[in-house]
J.: 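Let me begin by handing over the structure; questions about it come next.
Chain A is the first sequence line, chain B the second, and so forth, proteins listed ahead of strands; every chain is numbered from 1.
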Number of protein chains: 2
Amino acid sequence: MSLELSVDRSSPVPLYFQLSQQLEAAIEHGSLTPGSLLGNEIELAARLGLSRPTVRQAIQSLVDKGLLVRRRGVGTQVVHSQVKRPLELSSLYDDLEAAGQRPATKVLVNTVVPATAEVAAALGVAEDSDVHRVERLRLAHGEPMAHLCNFIPPGLLDLDTAQLESTGLYRMMRAVGITLHSARQTIGARGATSAEADRLGEQEGAPLLTMQRVTFDDTGRAVEYGTHTYRPSRYSFEFQLLVRS
Amino acid sequence: MSLELSVDRSSPVPLYFQLSQQLEAAIEHGSLTPGSLLGNEIELAARLGLSRPTVRQAIQSLVDKGLLVRRRGVGTQVVHSQVKRPLELSSLYDDLEAAGQRPATKVLVNTVVPATAEVAAALGVAEDSDVHRVERLRLAHGEPMAHLCNFIPPGLLDLDTAQLESTGLYRMMRAVGITLHSARQTIGARGATSAEADRLGEQEGAPLLTMQRVTFDDTGRAVEYGTHTYRPSRYSFEFQLLVRS
DNA sequence: GTAGTTCGATTGTCCGGACATATGCATTGA
DNA sequence: TCAATGCATATGTCCGGACAATCGAACTAC
């Protein structure tokens with residue numbers, strides 16, 4: 001096999017990261033076929049001129065991603081799963097763009113309102129304190145796909161309407177240095193009310209997919225609370241869950 | 001603060017794991033309050049008579065779980081998120097039991113059938129090869145909640161009908177040594193067909209929540225493919241997603 | 001007073017080694 | 001023939017140390 005691996009010690013990117021990226025690329029590319037052994041850590045370390053802990057750190061990161069499996073006494077092998085994409089905190093905008101749908105957004109509401117009890121509880125702010133309220137209609141190919149209603153704590157973001165129409169909320173957050181960390185989601189379904197049906201071009205009572213989400217950044221602070229409704233004929237949630245032992 | 005920490009070197013459970021569990025318990029219990037610093041690693045290691053790598057391994061596992069945040073030059077602090085439960089590959093049976101609902105199951109179908117193209121693709125077996133087909137109705141408080149249709153590759157499991165009615169599919173898998181690893185899910189919604197409406201006690205056209213799932217074990221082998229429909233008034237999906245950088 | 005600098009504190013990365021433990025296979029014994 | 005034993009192999013755990021990178025605050029200079 002051999003598999004050309006090398007690290008650049010003069011690079012500022014960590015050695016274990018260089019290695020894990022090369023291994024991941026090899027798996028993605030097919031140089032490392034599913035089920036194949038990876039060769040033992042000691043020898044791999046020797047071949048690359050690295051220490052075993054460094055090699056282990058690289059391998060461990062791929063194990064966490066679900067690409068590799070280690071078995072004591074056996075070795076490390078590539079998992080032969082059909083799906084390789086890791087789970088992600090998905091953004092509707094990115095999802096659509098990745099599917100080549102060229103999403104469009106229409107901002108319906110962009111104001112500051114006092115927080116209701118529900119919003120205050122979700123965002124962890126005082127009731128009746130000011131929060132941003134943004135309501136958007138997301139379209140693909142001119143057809144409405146989803147209605148998005150979001151609440152954002154004040155001071156985090158400059159909620160420019162033009163920017164909201166040209167990109168997604170998550171991207172705007174990342175752009176100002178907020179690193180998203182986790183989200184608590186609830187997905188359900190119900191029949192459309194007359195107002196919802198009107199907005200999305202469906203009939204009253206038609207099945208709608210609903211999602212509520214609170215998103216947290218890496219300090220545990222809630223940065224967004226949203227209530228979304230989707231047309232199930234146009235969108236469904238697709239994701240991969242990894243079991244955490 | 002001090003926070004009584006100790007490790008038992010004679011125990012077979014790894015030191016880093018003992019430490020991480022104690023820290024997690026302290027966070028859960030409230031001894032470590034959100035936002036509080038954890039004290040530097042060096043001193044913590046010295047106090048416990050451990051090496052720094054061991055302490056770091058314990059801390060890292062909690063960072064991965066989303067309970068702690070490390071910042072260079074600052075320290076490690078407890079994330080002050082409202083929600084602490086990690087994401088999990090949820091089993092409907094366990095979900096219901098955790099909610100104190102005492103789930104009941106009625107097995108409608110339990111046979112072996114040739115795999116359709118769809119099933120074969122999901123499970124990674126040959127088309128028309130034998131697979132188990134299990135159809136179940138899950139009830140809570142005597143009311144139907146969901147209709148579960150599952151396909152399982154042959155030879156994995158002894159699909160005893162009585163056992164299927166008294167516990168969940170995931171538990172049966174774990175019981176025979178299968179370690180679940182990840183799952184690919186699709187969640188959507190649609191109107192109930194007349195047969196579905198009949199089964200679940202809804203009206204035709206009523207909104208239903210649908211889920212399709214392929215579950216993989218730690219070797220990447222598909223162990224189950226399921227198509228489920230839920231009554232949205234009785235059940236919704238609730239879970240936490242962690243962003244993987 | 002304000003901006004830039006220095007410095008201490010803390011985590012990030014990396015090394016080299018040691019011993020424990022589980023696995024699979026070959027060998028041995030009944 | 002088949003089961004028990006032993007051994008090589010590989011990962012799991014743990015140690016102690018070294019230096020780098022980053023953050024925040026105190027300090028200094030203008």
J.: Taking CD1 from A:Ile59 and P from C:dC14, how many angstroms apart are they, rounded to a whole number?
T.: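 Rounding to the nearest Å, CD1 of A:Ile59 and P of C:dC14 are 14 Å apart.
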
J.: Distance check: side-chain N/O of B:Thr54 vs OP1/OP2 of D:dC15, anything under 4.0 Å?
T.: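 Answer yes for this pair, as a side-chain N or O of B:Thr54 is under 4.0 Å from OP1 or OP2.
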
J.: Return whichever of B:Pro12 or A:Leu15 has its heavy-atom-nearest nucleotide of DNA chain C closer to the 5' end.
T.: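 Nearer the 5' end of the strand: A:Leu15.
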
J.: Report yes if at least one side-chain N or O of A:Tyr16 is closer than 4.0 Å to OP1 or OP2 of C:dC14; otherwise report no.
T.: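 False: A:Tyr16 side-chain N/O out of range (4.0 Å or more) of C:dC14 OP1/OP2.
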
J.: Starting the side chain at C-beta, find the nucleotide from C:dC14, D:dG24, D:dT11 nearest to A:Arg70.
T.: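 Closest nucleotide to the A:Arg70 side chain: D:dT11.
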
J.: With a 3.5 Å cut-off and just heavy-atom distances, do the side chain of A:Arg52 and the base of D:dG12 make a donor-acceptor pair?
T.: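 Check passes, donor-acceptor contact within cut-off.
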
J.: Can you measure A:Phe17 atom CZ to C:dC14 atom P for me and round it to whole angstrom units?
T.: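 Taking atom P of C:dC14 as the reference, CZ of A:Phe17 is at 11 Å.
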
J.: Indicate, with a heavy-atom threshold strictly under 4.0 Å, whether B:Arg71 touches base, sugar-phosphate, or nothing.
T.: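 The residue B:Arg71 makes sugar-phosphate contact but no base contact.
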
J.: Using OP1 and OP2 only, check whether a side-chain N or O of B:Thr76 sits under 4.0 Å from C:dT10.
T.: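 So the side-chain polar atoms of B:Thr76 never come under 4.0 Å of the phosphate oxygens OP1 or OP2 of C:dT10.
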
J.: Nearest-Å distance, CG (A:Leu44) to P (C:dC15)?
T.: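 Rounded to whole Å, this separation is 12 Å.
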
J.: So if I take every side-chain heavy atom of B:Ile42 and compare against C:dT13, C:dC15, C:dT11, which nucleotide ends up nearest?
T.: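 That would be C:dT11.
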
J.: For residues A:Glu41 and A:Ile59, report the shortest heavy-atom separation together with the two atoms involved.
T.: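 That would be CG-CD1, 4.1 Å.
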
J.: Using a distance-only test with no angle check, is there a side-chain donor-acceptor pair under 3.5 angstrom linking A:Glu118 and A:Tyr225?
T.: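 Per modelled atom types, A:Glu118 and A:Tyr225 side chains form a pair under 3.5 Å.
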
J.: What is the distance, rounded to the nearest whole Å, between atom CG of A:Leu48 and atom C1' of C:dG16?
T.: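 Whole-Å distance recorded here is 16 Å.
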
J.: Looking at every heavy atom in both A:Met172 and A:Thr167, which two are closest together, and how far apart are they?
T.: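 Heavy atoms only, the tightest pair is CG-CG2, 3.7 Å.
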
J.: Looking across every strand, which nucleic acid part, if any, lies under 4.0 Å from B:Pro14 by heavy atom: base, sugar-phosphate, or nothing?
T.: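 The answer is sugar-phosphate, as B:Pro14 gets under 4.0 Å only of primed atoms, P, OP1 or OP2.
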
J.: Looking at B:Arg56, I'd like to know whether one of its side-chain N or O atoms comes within less than 4.0 Å of OP1 or OP2 on C:dT11.
T.: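 Checking C:dT11 against B:Arg56, no side-chain N or O comes under 4.0 Å of OP1 or OP2.
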
J.: Output the rounded distance in Å from CD (A:Gln57) to P (C:dC15).
T.: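 It works out to 10 Å between those atoms.
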
J.: Hydrogens and angles aside, do A:Arg184 and B:Gln240 bring a side-chain donor and acceptor to less than 3.5 Å of each other?
T.: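 Short answer, no.
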
J.: Hey, which of B:Asn110, B:Asn150, B:Thr161, B:Thr105 is the one that makes side-chain hydrogen bond (donor to acceptor under 3.5 Å, both in side chains) with B:Arg136?
T.: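 Of the listed residues B:Asn110, B:Asn150, B:Thr161, B:Thr105, the side-chain hydrogen bond (donor to acceptor under 3.5 Å, both in side chains) partner of B:Arg136 is B:Asn150.
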
J.: Between C1' on C:dT23 and CG on A:Leu37, what's the gap in Å once rounded to a whole number?
T.: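 Whole-Å distance recorded here is 12 Å.
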
J.: Between P on C:dG8 and CG on B:Asn40, what's the gap in Å once rounded to a whole number?
T.: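 Answer to the nearest Å: 16 Å.
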
J.: Taking the nucleotide of DNA chain C with the nearest heavy atom to each, does B:Arg72 or A:Gly73 sit closer to the 5' end?
T.: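 Final value for this comparison: B:Arg72.
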
J.: In whole angstrom, give the distance that lies between atom CZ of B:Arg9 and atom P of D:dT13.
T.: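 So the two atoms are 14 Å apart, to the nearest Å.
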
